[in-house]
Amino acid sequence: MNDKLGNWKRTHRCGDLTAANVGQDVCVMGWVQRRRDHGGLIFIDLRDREGIVQLALDPDRDLASHQKAEQIRNEFVIAARGKVSHRPDGTVNPKMKTGEVEIEISELLLLNRSETPPFMIDEFTEVAENIRLKYRYLDLRRPALQSNLLKRHLVAKTVRNYLDGQGFIEVETPVLTKSTPEGARDYLVPSRVNLGKFYALPQSPQLFKQLLMVSGFDRYFQIVKCFRDEDLRADRQPEFTQIDCEMSFVNRDDVMSVMEGMIAEIFKVALDVEISLPISRLTYAEAMDRFGVDNPDMRFGMELFDITSQVAGSQFKVFAEVAANDGLVKAMNAKGCATLSRKELDELTEFVKIYGAKGLAWAKITDEGWQSPIAKFFTAEELAALNETLDVEVGDLLLFMADTPRVANEALGRLRGHLGQKLGLARKDDYKFVWVTDFPLLEWDEEERRHVAVHHPFTSPLEEDIPLLDSEPGKARAQAYDLVLNGSEIGGGSVRIHDQAVQSRMFDLLGIGEEEAREKFGFLLDALSFGAPPHGGIAFGLDRVMMILTGADSIRDVIAFPKTQKATCMLSDAPNEVAEKQLQELGIRLRTKQK
RNA sequence: GGGGCUGUAGUAGAGUCGGUUACAACGCCGGCCUGUCACGCCGGAGGUCGCGGGUUCGAGUCCCGUCAGCCCCGCCA
């Protein structure tokens, strides 16, 4: 029924044919985008990954192929031979890359038929995401995903070329590895030959890349899948890809310098955008102070101001009491936003409540001064001082947040990001990078009543802060750095601890006892005792980088076969139940589901 | 664990205050057409209104539950 391919050889991809090919005999293969049957002439738009070209089938030229074309439908797979020709005057299609030419077909093979697809394979048809995910192989035929994955390949290739040029060596690390405390929930894999024991899938190759430094590889990288069994978000799924790097004999400036070169190269190759280097830096403390978050969107201003001391003595009880109880009062000037309606202001209040804020105070600046429910609580002098601090002009909208430092910063900081989007201050084709440095080393976990590592337990403190580990560990800063792009953390790393004594002290601070440290990380501690070089590294989230490079709103649009929000695969229906025999072999009995 | 949005032919939508046989578009099928290009014209088929229950003389519409997809909080060293 279908034609056989035989020894036909493709000579060109559809999208690559131009006027330069006129006169050539070519052979193309691909999927039928569209058939336009004029009764006599038949046109077929043939598609492959490079684009679409028009085939012209004239019964006067070759009756057999014309008759065959009459039964052709969308997404049939065909091969066609013919001569590339200029289209007749007046029939050039300027909207198509190949619109100047067509192929005058002399031979046609129908290689395979297709059911009518559940949705059109084109750039126009909008399809619900669950349908797209079920028929992922068809969605992947469409131009948007084709383009995103081709670009992803280009970026991966650029990364390998760049890092190779910088003396990095790609080394594979185990996927079946060891569960360790700290960090995200592990994915576990039962071991059949060691009944009752489990591997964990790596949250990152962290320990192995440090061991490679001890082994003397000097510069390592890997484009590698990592796994974290946590809930999903628009930019997060449980298996994701890191560009993982580690370097020996370097300080953090060396790491940042090499890596921003790589980022600049990626943007040059993928988008033809020049990133000016060096990328600017903010300390964590400064980022929190000015933006309320550790991943500030630098595409716009609208910075936060700490007005705690200015309002501490005011008659406004809400502010004064927060100020008196080690809280924080912060304000933000949304320039020109006095036009926001009461409803919109209510929406902003609802927005900050998501982050635990109790409310949001506001003031519109009019010709008569402050129009605000809280204006009456302030003296003329206090208002004048706030106007000065916040650089107030008529037409501005001031937003105030008073709460614990954590809530005030986060709520107002997130509101700043939200408003930046809403007001159109954050353009997708504007790329503003910033390094955030000097993160705290440790964070107090109220629930567990102990310190936890902000970055990870192998992060070195700032050299000058090492004494603080014994006096005030909570104040120690880390040699850690995040690369933030347009408000998204796209990478993070640190200089590591290469001294066994400091590493042991760190475990101690984290409440990991001697015995547990030996059991969980003994191999690392041993390795550090055999001449570990000073080393540091970083990992970039390739998926997030690709989201920004492609303008995608969802991580699913840059991954060929992504997971749904419930971490399932709609295509393969994973995860699924397994045979009782498989469970027996693994020594696993399922507990009855609790309802 | 929690909050929110969505679910109607293959697809994406409309469906008023609860009231006749659930609309038109794209796609699909058949016919016509020798310069179209998201071809055009004529005709046709196609529905478990996510699922279950309830209220009602009557439910796509109202109520309760549930499932799925998405967004967010928690979580994500």
Side-chain angles (χ1 to χ4, degrees), chain A residues 33-46 52-61 66 70 73-75 85 87-96 98-99 102 104 115-135 138 180-186 203-204 206-207 226-238 240 350-357 410-411 414 418 439-443 445 447 451-459 478 480 489 492-494 506 510 512 539 541 553-556 563-566 568 570:
Chain A
Q33 179 68 33
R34 206 83 174 117
R35 183 192 58 148
R36 287 180 296 280
D37 187 343
H38 289 250
L41 267 182
I42 294 176
F43 296 106
I44 288 175
D45 288 340
L46 192 67
I52 291 174
V53 71
Q54 174 166 286
L55 314 182
L57 293 115
D58 189 333
D60 299 336
R61 185 166 47 244
H66 181 271
E70 284 179 336
R73 296 292 181 271
N74 287 353
E75 302 309 315
S85 67
R87 294 192 187 184
D89 286 346
T91 65
V92 165
N93 184 349
K95 286 185 286 186
M96 288 176 74
T98 62
E102 63 190 8
E104 297 174 344
E115 297 292 322
T116 300
F119 50 84
M120 289 288 284
I121 311 301
D122 63 23
E123 61 201 287
F124 310 105
T125 308
E126 283 189 32
V127 188
E129 194 157 10
N130 54 341
I131 307 286
R132 290 174 53 200
L133 289 170
K134 181 174 176 189
Y135 299 97
L138 296 181
T180 53
E182 307 289 300
R185 198 175 289 114
D186 283 320
Q203 297 178 24
S204 84
Q206 182 60 37
L207 294 175
C226 300
F227 306 87
R228 295 177 190 175
D229 186 6
E230 300 293 348
D231 288 340
L232 292 84
R233 288 289 186 278
D235 64 350
R236 206 166 89 192
Q237 71 153 35
F240 60 100
E350 287 309 305
F351 179 85
V352 296
K353 282 181 180 173
I354 294 171
Y355 301 95
E410 182 170 24
R414 295 291 165 211
H418 177 72
F439 281 81
L441 186 68
L442 302 165
E443 189 175 42
D445 187 317
E447 228 169 82
H451 283 107
V452 294
V454 168
H455 187 53
H456 58 51
F458 320 107
T459 299
E489 181 205 324
S494 62
M506 185 70 177
L510 294 171
I512 300 173
D553 290 321
S554 163
I555 195 171
R556 296 178 298 280
K563 297 283 186 285
T564 68
Q565 201 185 29
K566 287 185 77 178
T568 66
M570 294 199 79

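Not measured: the values here are computed from a predicted model. Excluded from the calculations below are hydrogen atoms, water molecules and symmetry mates; all remaining heavy atoms, backbone and side chain alike, are included. Lettering of chains follows the sequences in order, A, B, ..., and the numbering in each one begins at 1.
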Ignoring backbone atoms, test whether A/Asn74 places a side-chain nitrogen or oxygen under 4.0 Å from the OP1 or OP2 oxygen of B/C28.
yes

Determine the minimum heavy-atom distance between A/Thr564 and A/Leu232, stating which atoms define it.
O-CD2, 3.2 Å

Between B/G31 and B/U36 - P atom distance, rounded Å
24 Å

Just compare B/C37, B/G69, B/U34 and give me whichever is closest to any side-chain atom of A/Met96.
B/C37

side-chain N/O A/Thr568 vs B/G69 OP1/OP2, d < 4.0 Å
yes

Using OP1 and OP2 only, check whether a side-chain N or O of A/Asn130 sits under 4.0 Å from B/G50.
no

Given A/Leu441 and A/Thr459, is the side chain to side chain contact (heavy atoms under 4.5 Å, CB included) satisfied, shown in steps?
CA-CA 8 Å; A/Leu441 186 68; A/Thr459 299; 4.2 Å; yes

Ignoring backbone atoms, test whether A/Arg35 places a side-chain nitrogen or oxygen under 4.0 Å from the OP1 or OP2 oxygen of B/U36.
no

What nucleic acid atoms does A/Phe458 come within less than 4.0 Å of, heavy atoms only: base, sugar-phosphate, or nothing?
nothing

Under a plain distance cut-off of 3.5 Å, with no hydrogens placed, do A/Gln54 and A/Arg36 share a side-chain donor-acceptor pair?
yes

Rounded distance [0.5 Å steps], CD1 in A/Ile512 versus OG1 in A/Thr180:
9.0 Å

Gap between atoms CG and C1', on A/Leu55 and B/U34 respectively (whole Å)
16 Å

Between A/Ala128 and A/Ala453, just flag the one whose closest nucleotide in RNA chain B comes earlier from the 5' side.
A/Ala128

Going by the angle between their ring planes, with limits at 30° and 60°, are A/His38 and A/Phe43 parallel, tilted or perpendicular?
perpendicular

C1' atoms of B/A25 and B/G15, separation to the nearest Å:
15 Å

Taking atom C1' in both B/G2 and B/U21, what distance in whole Å separates the two?
45 Å

Grab the CZ-C1' distance between A/Arg414 and B/C71 for me, whole Å please.
15 Å

For nucleotides B/G58 and B/G19, find the distance between their P atoms and express it as a whole number of Å.
15 Å

B/C39 pairs with which nucleotide, Watson-Crick or G-U wobble, both distances below 3.5 Å?
none

So does A/Lys566 get a side-chain nitrogen or oxygen closer than 4.0 Å to the phosphate oxygens (OP1/OP2) of B/C67?
no

Quantified in whole Å, what is the C1' atom distance between nucleotide B/U61 and nucleotide B/C49?
10 Å

Would you say B/G30 has OP1 or OP2 under 4.0 Å from some side-chain N or O of A/Arg73?
yes

Taking atom OH of A/Tyr135 as the centre, report whether more than 12 heavy atoms of other residues, nucleotides or ligands fall under 6.0 Å from it.
no

I'd like the C1' distance from B/C70 over to B/C26, given in whole Å.
24 Å

So, do A/His38 and B/U36 meet the stacking rule of ring centres under 5.5 Å and planes under 30°?
no

Can you check whether any acceptor in the base of B/U36 is under 3.5 Å from a donor in the side chain of A/Gln54, or vice versa?
yes

Nearest to the side chain of A/Met120, heavy atoms from C-beta on, is which of B/G27, B/C37, B/U11?
B/G27

Between B/C63 and B/G27, how many Å separate the two P atoms, rounded to a whole number?
37 Å

For A/Glu102, which contact category applies under a 4.0 Å heavy-atom criterion: base, sugar-phosphate, or nothing?
base

So which nucleotide from B/C39, B/C72, B/G35 ends up closest to the side chain of A/Leu41?
B/G35

Which whole number of Å gives the distance between the P atom of B/G60 and that of B/G54?
15 Å

For A/Ser554 versus A/Glu129, what's the shortest heavy-atom pair and its separation?
OG-OE2, 4.5 Å

Evaluate whether the aromatic ring of A/Phe119 and the six-membered ring of the B/U11 base sit under 5.5 Å apart, centre to centre, with an inclination under 30°.
no

Calculate the interatomic distance between A/Asp229 atom CG and B/C75 atom P; express it in whole Å.
16 Å

Would you call A/Asp235-A/Arg233 a salt bridge at under 4.0 Å N-O?
no

Establish, with yes or no, whether the OP1 or OP2 oxygen of B/C73 is under 4.0 angstrom from a side-chain nitrogen or oxygen of A/Arg233.
yes

Check every strand shown and say whether A/Val452 touches a base, only sugar-phosphate, or nothing at a heavy-atom separation below 4.0 Å.
nothing

Checking B/U34, B/C76, B/C39 against the side chain of A/Arg34 (C-beta onward), the nearest is B/C39

Upstream residue (5' side of RNA chain B) when A/Pro118 and A/Arg556 are each assigned their closest nucleotide
A/Pro118

In whole angstrom, give the distance that lies between atom CG of A/Leu57 and atom C1' of B/U36.
13 Å

Below 4.0 angstrom from OP1 or OP2 of B/C39, is there any side-chain N or O of A/Arg36?
yes

To the nearest angstrom, how far is A/Asp235 atom CG from B/C72 atom C1'?
12 Å

Is it the case that B/G74 (base atoms only) and A/Asp231 (side chain only) share a donor and an acceptor within less than 3.5 Å, ignoring hydrogens and angles?
yes

Roughly, in whole Å, what's the span from CG in A/Asp37 to C1' in B/G30?
13 Å

Which nucleotide in the set B/C73, B/C37, B/A12 lies at the smallest distance from any side-chain heavy atom of A/Ile131?
B/A12

Find the distance A/Glu70:CD to B/U34:P and express it as a whole number of Å.
12 Å

When only distance counts, do a donor and an acceptor, one from the side chain of A/Arg236 and one from the base of B/C75, lie under 3.5 Å apart?
yes

To the nearest angstrom, how far is A/Asp445 atom CG from B/G74 atom P?
14 Å

Re B/A25: Watson-Crick or G-U wobble partner, both distances kept under 3.5 Å, found to be B/U11

If we ignore angles and hydrogens, is there a donor and acceptor under 3.5 Å between the side chains of A/Asp186 and A/Gln203?
yes

Opposite nucleotide pairing with B/C75, Watson-Crick or G-U, both atom distances under 3.5 Å
none

Base paired to B/G58 (Watson-Crick or G-U; both N/O distances under 3.5 angstrom):
none

Tell me whether the OP1 or OP2 atom of B/G69 has a side-chain N or O from A/Thr564 closer than 4.0 Å.
yes

Partner of B/C70 by Watson-Crick or G-U wobble geometry, both contacts under 3.5 Å, or none?
B/G4

Which base sits across from B/G46 as a Watson-Crick or G-U pair, both distances under 3.5 Å?
none

When we call it a touch if two heavy atoms are under 4.0 Å apart, what does A/Gln565 touch: a base, just sugar-phosphate, or nothing?
base

Side chain of A/Lys95, heavy atoms from C-beta onward: which of B/A38, B/A12, B/G35 has the nearest atom to it?
B/A38

Just to be sure I understand the rule, does A/Thr91 reach a base, reach only the sugar-phosphate, or reach nothing, if contact means heavy atoms closer than 4.0 Å?
base

Output yes if the stacking criterion (under 5.5 Å between centres, under 30° between planes) is met for A/Phe124 over the base of B/A38, else no.
yes

Applying side chain to side chain contact (heavy atoms under 4.5 Å, CB included), run through A/Asn74 and A/Gln33 and close with a yes or a no.
CA-CA 6 Å; A/Asn74 287 353; A/Gln33 179 68 33; over 6 Å; no

